[in-house]
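For this chain, numbers begin at 1 and follow the sequence in order.
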Amino acid sequence: MPQAIAETIFDVLYLSFAVIAGLTMLVKGKSPLVKKTGLMAVVLGSGDSFHLIPRSYALWTTGLEANAAALGIGKLITSITMTVFYLILYYVWRERYQIKEQKNLTAAMWGLSALRIIFCLLPQNQWLSYRQPLLFGILRNIPFAVMGLLIIVLFARETRRTGDAVFRHMPLAVALSFGFYLPVVLFSGVVPIVGMLMIPKTMAYVWIVLMGWHLYRQGKED
């Protein structure tokens with residue numbers, strides 16, 4: 001019961017913040033950049049809700065294993081929406097720093113996104129099972145990790161070149177999100193306590209949304 005209470009409170013606060021902040025930026029933002037950031041936050045919050053809401057329900061009722069199918073479907077949806085999240089973040093990078101051309105880079109991001117989604121949709125993932133194969137957990141996260149690495153490098157290069165104060169910590173936030181997430185993929189099936197790393201991973205995403213919110217507030221003050 002303490003786990004159910006703690007997780008539910010955390011999830012409600014996180015999902016509410018991501019969706020409300022995202023919708024506010026999307027609807028009230030004055031620039032395409034702020035609207036993209038808002039869309040990114042809405043995708044994040046709404047996508048994560050497909051996994052976190054069934055998880056809270058399971059904790060309050062018959063347990064995680066008894067609700068494996070709902071949790072698996074939610075995890076599949078979240079895996080896809082997180083891919084879209086990083087694809088939008090790539091376009092935030094392009095918009096923020098007025099990046100032109102670089103068609104090969106754009107093609108690479110779309111290709112990695114498509115590959116990740118294809119891997120997620122393969123039946124070998126066994127999403128409806130309580131314990132899913134580690135091999136496909138690794139395979140579907142390889143293109144995802146490459147996307148994250150590209151985002152880290154791209155933002156690091158441009159924030160250093162421009163001295164951008166708003167997104168200067170974006171490379172660190174993305175690096176932390178992957179740093180906390182990948183051990184969960186690799187070891188949570190063997191050492192369940194590793195799953196607790198999803199909490200700081202989520203806080204890294206909150207940090208990313210907060211950067212977008214700061215951009216929105218700047219626009220209101222201009």
Peer 1: Please report the closest heavy-atom contact between Leu71 and Leu64, naming both atoms and the distance.
Peer 2: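 Nearest pair, atom of Leu71 first, then Leu64: CD1-O, 3.4 Å.
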
Peer 1: Is Tyr91 close to Met40 at the side-chain level, that is, under 4.5 Å between some pair of heavy atoms?
Peer 2: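 Not touching, per the 4.5 Å side-chain cut-off.
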
Peer 1: What distance do Asp11 atom CG and Ser56 atom OG have between them, rounded to the nearest 0.5 Å?
Peer 2: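 Interatomic distance, Asp11 CG to Ser56 OG, rounded to 0.5 Å: 4.5 Å.
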
Peer 1: Taking side chain to side chain contact (heavy atoms under 4.5 Å, CB included) as the definition, give me every residue that meets it alongside Pro183, ordered by chain and number, with sequence neighbours left out.
Peer 2: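 Per chain and number, Pro183 pairs via side chain to side chain contact (heavy atoms under 4.5 Å, CB included) with Phe187, Val194, Leu197.
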
Peer 1: So, using side chain to side chain contact (heavy atoms under 4.5 Å, CB included) as the criterion, who are the partners of Glu95 when residues are at least two apart?
Peer 2: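 Glu95 satisfies side chain to side chain contact (heavy atoms under 4.5 Å, CB included) with Pro32, Leu33, Lys36, Gln98 once adjacent residues are dropped.
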
Peer 1: Decide yes or no for Leu59 and Gln3: does some side-chain heavy atom of the first lie under 4.5 Å from some side-chain heavy atom of the second?
Peer 2: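 The answer is yes, as the side chains (C-beta and beyond) meet within the 4.5 Å cut-off.
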
Peer 1: If you round to the nearest 0.5 Å, how far is OG1 of Thr37 from CD1 of Ile208?
Peer 2: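 The distance works out to 11.0 Å.
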
Peer 1: Identify all side-chain donor-acceptor contacts of residues 165-179 below 3.5 Å with residues at least two apart in sequence or on another chain.
Peer 2:
from	atom 1	to	atom 2	distance (Å)
Arg168	NH1	Ala165	O	2.5
Ser177	OG	Tyr86	OH	3.1
Ser177	OG	Val174	O	2.6

Peer 1: Would one find more than 12 heavy atoms of other residues, nucleotides or ligands at under 6.0 Å from atom OH of Tyr57?
Peer 2: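 12 or below, so no.
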
Peer 1: I need the full list of salt bridge (charged side-chain N to carboxylate O under 4.0 Å, His left out) pairs touching residues 96-125, with sequence neighbours left out, sorted by first then second residue.
Peer 2: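 Those involving residues 96-125 are Arg96-Asp164.
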
Peer 1: Which donor-acceptor pairs under 3.5 Å do the side chains of residues 150-161 make with protein atoms, sequence neighbours left out?
Peer 2:
from	atom 1	to	atom 2	distance (Å)
Glu158	OE1	Arg161	NE	2.8
Glu158	OE1	Arg161	NH2	2.5
Thr159	OG1	Phe155	O	2.6
Thr159	OG1	Ala156	O	3.3

Peer 1: Taking ring pair (Phe, Tyr, Trp, His ring centres under 6.0 Å) as the test, write out the residues that go with Trp127, two or more places apart.
Peer 2: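 Ring pair (Phe, Tyr, Trp, His ring centres under 6.0 Å) check on Trp127 returns nothing, list empty.
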
Peer 1: Kindly determine whether Trp93 and Ile88 satisfy side chain to side chain contact (heavy atoms under 4.5 Å, CB included), including the steps that lead there.
Peer 2: CA-CA 9 Å; Trp93 170 79; Ile88 299 172; over 6 Å; no

Peer 1: Quick check on the 6.0 Å ring-centre criterion: do Phe85 and Tyr205 meet it?
Peer 2: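 Ring centroids of Phe85 and Tyr205 are less than 6.0 Å from each other.
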
Peer 1: Who pairs with Ser113 by side chain to side chain contact (heavy atoms under 4.5 Å, CB included), at least two apart in sequence or on another chain?
Peer 2: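 Testing Ser113 for side chain to side chain contact (heavy atoms under 4.5 Å, CB included), a comparison that skips the adjacent residues, returns Thr83, Leu87, Met147.
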
Peer 1: With sequence neighbours left out, what residues match Lys75 under salt bridge (charged side-chain N to carboxylate O under 4.0 Å, His left out)?
Peer 2: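 For Lys75, no residue satisfies salt bridge (charged side-chain N to carboxylate O under 4.0 Å, His left out) once neighbours in sequence are set aside.
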
Peer 1: Test: salt bridge (charged side-chain N to carboxylate O under 4.0 Å, His left out). Region: residues 49-58. Which pairs qualify, not counting sequence neighbours?
Peer 2: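 Of all non-adjacent pairs touching residues 49-58, those that pass salt bridge (charged side-chain N to carboxylate O under 4.0 Å, His left out) are Glu7-Arg55.
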
Peer 1: Show me the donor-acceptor pairs within less than 3.5 Å that the side chains of residues 43-51 make with the rest of the protein, sequence neighbours left out.
Peer 2:
from	atom 1	to	atom 2	distance (Å)
Ser46	OG	Val42	O	2.6
Asp48	OD2	Tyr14	OH	2.4
Ser49	OG	Ser46	O	2.5

Peer 1: Would a single hydrophobic cluster contain both Leu39 and Val27, if residues Ile, Leu, Val, Met, Phe, Trp and Tyr are joined by side-chain heavy-atom contacts under 4.5 Å?
Peer 2: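 No, because Val27 and Leu39 fall into different hydrophobic clusters, even though each may have its own neighbours under 4.5 Å.
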
Peer 1: Would you find a donor on one side and an acceptor on the other, under 3.5 Å apart, between the side chain of Gln102 and the backbone of Ile99?
Peer 2: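 Judged by distance alone, no pair lies under 3.5 Å.
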
Peer 1: Do you know the tightest heavy-atom contact between Asn141 and Gly137?
Peer 2: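 So the two residues come closest at ND2-O, 2.6 Å.
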
Peer 1: With rounding to the nearest 0.5 Å, note down the distance linking CG in Leu89 to CE in Met82.
Peer 2: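 Reported value, rounded in 0.5 Å steps: 9.5 Å.
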
Peer 1: Taking all non-hydrogen atoms of both residues into account, name the closest pair between Asn67 and Thr61 and its distance.
Peer 2: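 That closest heavy-atom pairing would be ND2-OG1, 4.0 Å.
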
Peer 1: Measure across Gln132 and Gly72 and return the closest heavy-atom pair with its distance rounded to 0.1 Å.
Peer 2: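 Nearest pair, atom of Gln132 first, then Gly72: NE2-CA, 4.2 Å.
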
Peer 1: If you measure from CD1 on Ile138 to CZ on Phe119, what distance do you get to the nearest 0.5 Å?
Peer 2: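 Going from the CD1 atom of Ile138 to the CZ atom of Phe119 covers 12.0 Å.
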
Peer 1: Please name the pair of heavy atoms, one in Ser129 and one in Ala68, separated by the smallest distance, quoted to 0.1 Å.
Peer 2: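 So the two residues come closest at C-CB, 4.1 Å.
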
Peer 1: Going by side chain to side chain contact (heavy atoms under 4.5 Å, CB included), name the residues that satisfy it together with Ile9, two or more places apart in sequence or in a different chain.
Peer 2: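 Side chain to side chain contact (heavy atoms under 4.5 Å, CB included) check on Ile9 returns Ile5, Leu13.
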
Peer 1: About how many Å separate CZ of Phe10 and CG of Leu52, when rounded to the nearest 0.5 Å?
Peer 2: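 Rounded to the nearest 0.5 Å, the CG-CZ separation comes out at 8.5 Å.
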
Peer 1: Looking at residues at least two apart in the chain, or sitting in another chain, which of them share a salt bridge (charged side-chain N to carboxylate O under 4.0 Å, His left out) with Arg131?
Peer 2: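 Testing Arg131 for salt bridge (charged side-chain N to carboxylate O under 4.0 Å, His left out), a comparison that skips the adjacent residues, returns none.
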
Peer 1: Tell me, do Asn125 and Leu122 make a side-chain contact under 4.5 Å, heavy atoms counted?
Peer 2: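 Asn125 reaches Leu122 side chain to side chain.
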
Peer 1: Any chance you could measure Ile117, atom CD1, to Thr81, atom OG1, to the nearest 0.5 Å?
Peer 2: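 Nearest 0.5 Å value for the CD1-OG1 distance: 9.5 Å.
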
